[in-house]
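Below is one structure, written out as structure tokens; the observations come after it.
In what follows, chains carry the letters A, B, and so on, assigned in the order in which the sequence lines appear, proteins first and then strands, with residues in each chain numbered from 1.
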Protein chains: 2
Amino acid sequence: MLAKSSTELVRQKNSVLVLTALRRHGPLAHTELSDFTKLSSATVSVITTDLERAQIIEKAEQQAAGGRGRPRVLFSQRRDCGYLIVVIISSDAVQYSLVDYAGRLIDRFTEERQQNVSGVGSFVTGLRDALNRIVARSRLSRDKVLMISISSKGLVESSEPVLRWSPIFGREQIDFAAVLHDEWSAKVILGNETQLVAAAVGRQEENKKGRDFRALAALSLGHSIGLGIVRRGEEGKHEISAPNFGHMLHMSGGGLCRCGSRGCIEAYAGFYAILRAAFDVPLDTIPAKFVPIAELDKIAASARQGSRRNIIAFRQAGLALGIGLSRVLSLHESMPIAITGPGTRYYDLLLEGISEGLAESHVVRMEGMPELRVMADEPTLVFDGHLNRALAMMDEDIVRSGVVAELNSQTG
Amino acid sequence: MLAKSSTELVRQKNSVLVLTALRRHGPLAHTELSDFTKLSSATVSVITTDLERAQIIEKAEQQAAGGRGRPRVLFSQRRDCGYLIVVIISSDAVQYSLVDYAGRLIDRFTEERQQNVSGVGSFVTGLRDALNRIVARSRLSRDKVLMISISSKGLVESSEPVLRWSPIFGREQIDFAAVLHDEWSAKVILGNETQLVAAAVGRQEENKKGRDFRALAALSLGHSIGLGIVRRGEEGKHEISAPNFGHMLHMSGGGLCRCGSRGCIEAYAGFYAILRAAFDVPLDTIPAKFVPIAELDKIAASARQGSRRNIIAFRQAGLALGIGLSRVLSLHESMPIAITGPGTRYYDLLLEGISEGLAESHVVRMEGMPELRVMADEPTLVFDGHLNRALAMMDEDIVRSGVVAELNSQTG
DNA sequence: CTAAATTTCTCGACTGTCGAGAAAAAAATC
DNA sequence: GATTTTTTTCTCGACAGTCGAGAAATTTAG
């Protein structure tokens, strides 16, 4: 059954509304808050004083007194209200970032991952270690860290921070909540990397199109293939999901994939698959663990100079992507596709196959070709996605936790 | 930006909550309403008296006075509060049902569709005609009809009642809102047939499992192939969608489909496809417009007696379904699959192929085989799905329309 | 006929939003 | 420098919603 509603909930929702406005548009004055949220000035007053008393937002110290009239006082998040640690796990390194409540980067370092030591056990100790280090370095109390946001390629559980499968650890699952809950009171969330790219691009898209934005897919090309989908739900909330696209079946009984199955999309469009095709290695050869990008650059260069076999290798990869995307569009509505990742440098070679694959399906014939868009700088998008998601969640959690209401009742 | 919240909205939501409880559990007394909705007795009182004053619900006249204490008075929907017309379009007929606000069937008739006259124009005049007839027969004022709920196989728009593509009318689109708005003030909604099956089965499932229910897919087997997906969104609302599954690409460059594309799932698993395979007709033969089920029964009978070719025909159909489903599960989470439609009578012959197709994919190897379940009596499920969806919408619309609040302010 | 049980209704307290107008504070004007 | 204008913020009273507690209603048991 659905949950009942109450006046308290109304207040919570509207408080989140104020915090969200602050997040999206930076420091805002009373009047602007009222404009953005459509709440009356009086309500904004009550909410801001509550949030201020709870030490969640603060009035900016100084501001240029432009224009006449009573000068506006800008509200902004209190940076020390809480902290977020972002952990980005990639195949060769793990990046740790400490971010304050206002979204400002405080500290960051990267740990190389040894290619040989690949057990989950050693990874976890490394993770715990690095997390301890990053709070120690900035001399923060660890309970000021309200959230730890982790991302990896692979298959993540939607409701719990459990990594089900990843190209790095294979079927060795990691339950990050279980691993960290003894040392950390922070909430632990996990996202697929491309899911977070989708979140970031989706936010950009909404800023541009406003209410017209409906859905968007992000496709990440690299050693493995990732897909993230973001859709505007009712009430304008963005719902993000991470389909297991790279390991969706492309061709029954097809080439061997790193995951152990046969015929996955990745086994045709991943870097190792392109390599395999270019060198005419049999399709059931165990794929290379890691392919240096220089290797692929060479293949691409010769393809661009007319090498038949290499052109076909890229074309076949594009085809697998295009057909796979057409299947995605069959199952959802048609939507624009943002392509990121290191593989975008071969976009010219992939495009033909992608288009051809897409064109084959009924949906595309009905609705027309979806918009394809290349977005470089995947790492920035991933980080932005982390911030978007984690900080929005923090806002909600803080309001829901009741600190605001409690303080309020004490002071009368 | 998200929408602001207010006390009015709270009331609306809680009113809908009361109406929903009434829908799901039949006539209820004050106390039971309070239990189901978790609202306090006082709040239930206010809401019910408002709804009663607005002539949306009423107290039951008579009831058996079992047990001691003050006898409970049961509330139920006023049947004359509004009416719903359900239109179920199938390939050979169109069924019209008139239903009152409490969900009781008042009138029903079926119009055969001539196989030869297949233009959209003549269909639309037939539709308008039949709608007029059904209100005339029951002597209702047409503005008492608050909603017209239509279903068809094929591709429907999610936000508007527009039929984008259907096996019956092909690419000739029908915008039902445009077609009916001059004669009817009722809200017109359109759903894919299997989407409504999913809605009905999803409701059953939730009654059984409660909060454990997460998602479910309904697969309809027949001349064409349909898929509906229902998922529990946050706040417990069911989100239903109708992927274009039948025309998702099964095999690149494969058999010719009725839709004009090649290699659709339907071109392997639809009735005509099974027929085509059984008689070894070339895959690019224009598929039969309609296959009598007796024909397929014969093929099935001989398959069950060991006919190699016919066994393979069904197995290939199952394989297309299984592989397609595996792709669906790759893109969503794993979920149980309810199979309906006339094709279920060949389930024994299809099962092997379905299982094999599912087993091939990465997800199934990870999460295990999804639960498969055969549900006969598709027509009842479709109709139930219509009622579930349309009546729930009517409840919301009525509350949101403000009749309750208005009356309230007048009478003070 | 009275007591017990059970359901429904009512009242006052509390919390929320809103519109209007008062208060604050700086620039413009005389 | 005093006054007016302009702009922003704050405050007050009205109104709407939920809740808990207890009163009122009504039937059965004894």
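Between the side chains of Ser34(B) and Thr31(B), not a single donor N or O lies within less than 3.5 Å of an accepting N or O. For the residue pair Asp143(B) and Tyr83(B), no side-chain donor N or O sits within less than 3.5 Å of a side-chain acceptor on the partner.
Atom CG in Leu17(B) sits roughly 16 Å away from atom P in dG17(D) (whole-Å rounding). A straight line from CG of Leu9(A) to P of dG16(C) spans 11 Å, rounded to a whole angstrom. Here the P atom of nucleotide dT8(C) and the CD1 atom of Ile57(B) are 12 Å apart, to the nearest Å. At whole-Å resolution of the value, CG in Asp35(B) and P in dT7(C) are 9 Å apart. One interatomic measurement links the two molecules: NZ of Lys38(A) to P of dG19(C), which rounds to 13 Å at whole-angstrom precision. Distance Gln12(B) CD to dA16(D) P: 14 Å, rounded to the nearest Å. Straight-line distance from the CG atom of Leu39(A) to the P atom of dG19(C): 11 Å, rounded to whole Å. Across the protein-nucleic acid pair, Arg11(A) atom CZ and dG17(D) atom P stand 18 Å apart, rounded to whole Å.
Residue Ser40(B) has a polar side-chain atom (N or O) positioned under 4.0 Å from OP1 or OP2 of dC19(D). For dT18(D), the OP1/OP2 oxygens have a side-chain nitrogen or oxygen of Asn14(B) closer than 4.0 Å.
With dG17(D), dT18(D), dC18(C) as the candidates, the nucleotide lying closest to the side chain of Thr43(B) is dT18(D).
For Arg24(A) and Phe36(A), the positive end is not near the middle of the six-membered ring at less than 6.0 Å and at most 45° from its axis.
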* Structure fact -> Scoring nucleotides 7-12 of chain D by protein non-hydrogen atoms under 4.0 Å (B base, S sugar-phosphate only, - none) yields BBBBB-
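Residues that satisfy the side-chain hydrogen bond (donor to acceptor under 3.5 Å, both in side chains) test with Ser185(B), not counting sequence neighbours, are absent from this structure. Evaluation of the side-chain hydrogen bond (donor to acceptor under 3.5 Å, both in side chains) rule for Ser159(A) yields no partner, not counting sequence neighbours. With sequence neighbours excluded, the residues satisfying side-chain hydrogen bond (donor to acceptor under 3.5 Å, both in side chains) with Arg203(A) are Glu206(A). Legend: residues meeting side-chain contact (heavy atoms from CB on, under 4.5 Å) with Lys13(A), ordered by chain and number and at least two apart, are Glu235(A), Ser5(B), Lys13(B), Glu235(B).
For an aromatic pair to be called close, the ring centres must be under 6.0 Å apart, and His181(B) with Phe176(B) fails this.
Between the axis at the start and the axis at the end of the helix from dC1(C)-dG30(D) to dC30(C)-dG1(D) there is an angle of 30°, using five pairs per end and rounding to 10 degrees.
Applying the side-chain contact (heavy atoms from CB on, under 4.5 Å) test between Leu74(B) and each of His30(B), Glu32(B), Lys59(B) identifies Glu32(B) as the sole match.
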